[in-house]
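Heads up: the structure comes next, in structure tokens.
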Amino acid sequence: MTKLLNWFTQEESGQGLVEYGLILALIAIVVIVGWWKTNKII
């Protein structure tokens with residue numbers, strides 16, 4: 001876990017921000033799918 005946090009802090013390389021963006025996108029997809037299933041919008 002600390003390795004992941006250390007990797008995130010190395011944002012000057014730009015890779016940390018890219019990975020953070022991908023994780024946010026993944027969370028957004030999960031939330032949208034969960035909301036969609038909850039409301040049963042077809």
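FYI, the numbering just counts along the sequence from 1.
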Which ILVMFWY residues are connected to I29, directly or by a chain of links, through side-chain heavy atoms under 4.5 Å apart?
V33
Just jot down the side chain to side chain contact (heavy atoms under 4.5 Å, CB included) partners of L24, sequence neighbours excluded, or say none.
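Partners of L24 under the side chain to side chain contact (heavy atoms under 4.5 Å, CB included) test: Y20.
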With hydrophobic residues grouped by side-chain heavy-atom distances under 4.5 Å, do V31 and I23 end up in a single group?
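As far as the 4.5 Å side-chain criterion goes, I23 and V31 are connected within one cluster.
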